[in-house]
Protein chains: 2
Amino acid sequence: MTSKPGPATPAFPCDGGEPLALDNQLCFALYAASRAMTRAYQPMLRDLALTYPQYLVLMVLWEWDAAVARGESPDAGVGALGRRLMLDSGTLTPLLKRMEQRGLVERRRAPRDERVTLVSITEAGRALRPRAQAWVERQLEGAGVSREEVDRLRCQLWQFLGKLGTAG
Amino acid sequence: MTSKPGPATPAFPCDGGEPLALDNQLCFALYAASRAMTRAYQPMLRDLALTYPQYLVLMVLWEWDAAVARGESPDAGVGALGRRLMLDSGTLTPLLKRMEQRGLVERRRAPRDERVTLVSITEAGRALRPRAQAWVERQLEGAGVSREEVDRLRCQLWQFLGKLGTAG
DNA sequence: GCAATTTATATTGTGCACAATATATTTGTG
DNA sequence: CACAAATATATTGTGCACAATATAAATTGC
């Protein structure tokens with residue numbers, strides 16, 4: 001057995017005394033919380049046979065698919081996907097190839113500009129959406145966190161991210 | 001050039017209408033914020049020639065080192081390190097070997113229990129601490145975020161993490 | 001005292017992340 | 001039109017993360 005980290009039982013003080021103490025570092029809190037969140041999604045991801053970043057890609061493609069259904073023409077290239085998820089092509093290209101192998105997405109060159117690779121969802125990829133939605137709604141009820149707390153935290157994170165982008 | 005994600009300019013609504021919309025997912029906010037934070041540390045990490053998880057390991061070892069200096073005897077095995085950082089041995093073992101190669105840490109078997117690998121810091125590893133501290137303090141000033149905002153966000157993240165561990 | 005179980009770490013394999021670089025296409029400039 | 005610069009993606013290489021498994025030492029039950 002690989003030695004598991006076990007339950008998270010760190011002291012999490014909110015004062016922030018020592019600058020270099022591990023628990024006082026926002027970076028570690030973000031890092032630990034992000035991985036814990038991904039772990040919390042594992043039951044769903046196992047059920048859908050997806051990885052977490054693959055699930056994120058599908059969420060974007062579901063949005064694009066809905067936009068196309070509304071008559072819009074979203075930029076559906078790898079670059080647009082990367083800007084949306086803040087991931088680069090070195091991450092996305094192999095990931096998309098695996099998803100293409102599984103029949104979840106299609107990749108083809110844009111006729112107008114042969115440099116861009118257009119990514120679109122398949123019927124098999126569309127079929128995962130209601131299953132994911134059911135999971136997420138069940139999770140919202142099951143977890144011991146209120147909808148307000150989640151919204152507040154998410155909002156603060158995006159504000160913080162915006163400041164990191166401009167000032168950092 | 002690898003297509004970079006570019007500046008983070010998502011719409012970050014705080015209402016949370018559509019349940020499956022990407023920007024309404026706390027998981028994505030955490031994931032994006034954590035990676036953005038790691039990016040923000042890159043200048044320091046490049047200067048110290050460390051990776052981000054290696055820096056976290058050093059922070060724990062600095063704490064252990066201070067505890068030893070106070071006459072305490074902290075559990076200094078790989079398992080304790082993993083519980084502290086919520087990482088398992090499959091991640092830590094190769095990482096520690098690389099740090100050992102660079103002369104930053106020492107690894108040896110515990111005489112009392114030959115199963116445990118004791119990890120301790122070297123003088124070269126100690127020498128990085130003041131340099132890191134200087135960087136972190138400079139960062140706190142330079143970033144456009146207040147100390148209070150950072151503390152509040154960090155506190156909320158730990159509370160959230162605790163609930164994920166118990167209820168999720 | 002010794003087999004069965006538990007505990008602690010290491011190993012193997014897959015899939016991200018991202019830096020550095022390469023390739024190919026398009027666009028601007030003379 | 002030729003050709004330099006810009007653009008979009010792909011490739012390569014390193015280092016996490018983590019699941020599944022293997023190995024070895026310690027502990028427990030009898």
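We name chains A, B, ... by the order of the sequence lines, and we start the count at 1 in each one.
The residue among A:A36 and A:K97 whose nearest nucleotide of DNA chain D is located toward the 5' end is A:K97.
Electrostatic pairing of A:D75 and A:R83 counts as a salt bridge here, judged by a charged N lying under 4.0 Å from a carboxylate O. A salt bridge links A:R126 with A:E123: the distance from a Lys NZ or Arg NE/NH1/NH2 to an Asp or Glu carboxylate oxygen falls below 4.0 Å.
Smallest separation of non-hydrogen atoms from A:Q54 and A:A49: OE1-O, 4.4 Å. Smallest separation of non-hydrogen atoms from A:R102 and A:L50: NH1-CD2, 3.8 Å.
Residues satisfying the side chain to side chain contact (heavy atoms under 4.5 Å, CB included) test with A:A124, not counting sequence neighbours, are A:L104, A:T122. Scanning for side-chain hydrogen bond (donor to acceptor under 3.5 Å, both in side chains) contacts around A:R109 gives A:T117, with sequence neighbours left out. With sequence neighbours excluded, the residues forming a side chain to side chain contact (heavy atoms under 4.5 Å, CB included) with B:S120 are B:E106, listed by chain and number.
We find that CG of B:L92 is positioned 11 Å from C1' of D:dC18, with the value rounded to whole Å. For the pair A:R46 CZ and D:dC18 C1', the computed distance is 11 Å after rounding to whole Å.
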Considering only nitrogen or oxygen atoms on both sides, find all protein atoms under 3.5 Å from nucleotides 15-17 of chain D and state each distance.
from   : atom 1 : to    : atom 2 : distance (Å)
D:dC16 : OP1    : B:T51 : OG1    : 2.6
D:dC16 : OP2    : B:Q54 : NE2    : 2.9
D:dC16 : OP2    : B:R98 : NE     : 2.9
D:dC16 : OP2    : B:R98 : NH2    : 3.0
D:dC16 : O5'    : B:R98 : NH2    : 3.1
D:dA17 : OP2    : A:Y31 : OH     : 2.2

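Near DNA chain C, meaning a heavy atom under 4.0 Å from it, residues 56-65 of chain A has no residue at all. Of the residues in residues 106-119 of chain B, those with a non-hydrogen atom less than 4.0 angstrom from any atom of DNA chain C are B:R107, B:R109, B:R115, B:V116, B:T117.
Checked against the 6.0 Å centroid criterion, the rings of A:Y55 and A:W135 do not qualify as a close aromatic pair.
Remark: A:E72 CD is packed, more than 12 non-hydrogen atoms of other residues, nucleotides or ligands lying under 6.0 Å away. At most 12 non-hydrogen atoms from other residues, nucleotides or ligands lie less than 6.0 angstrom from CD of B:Q101.
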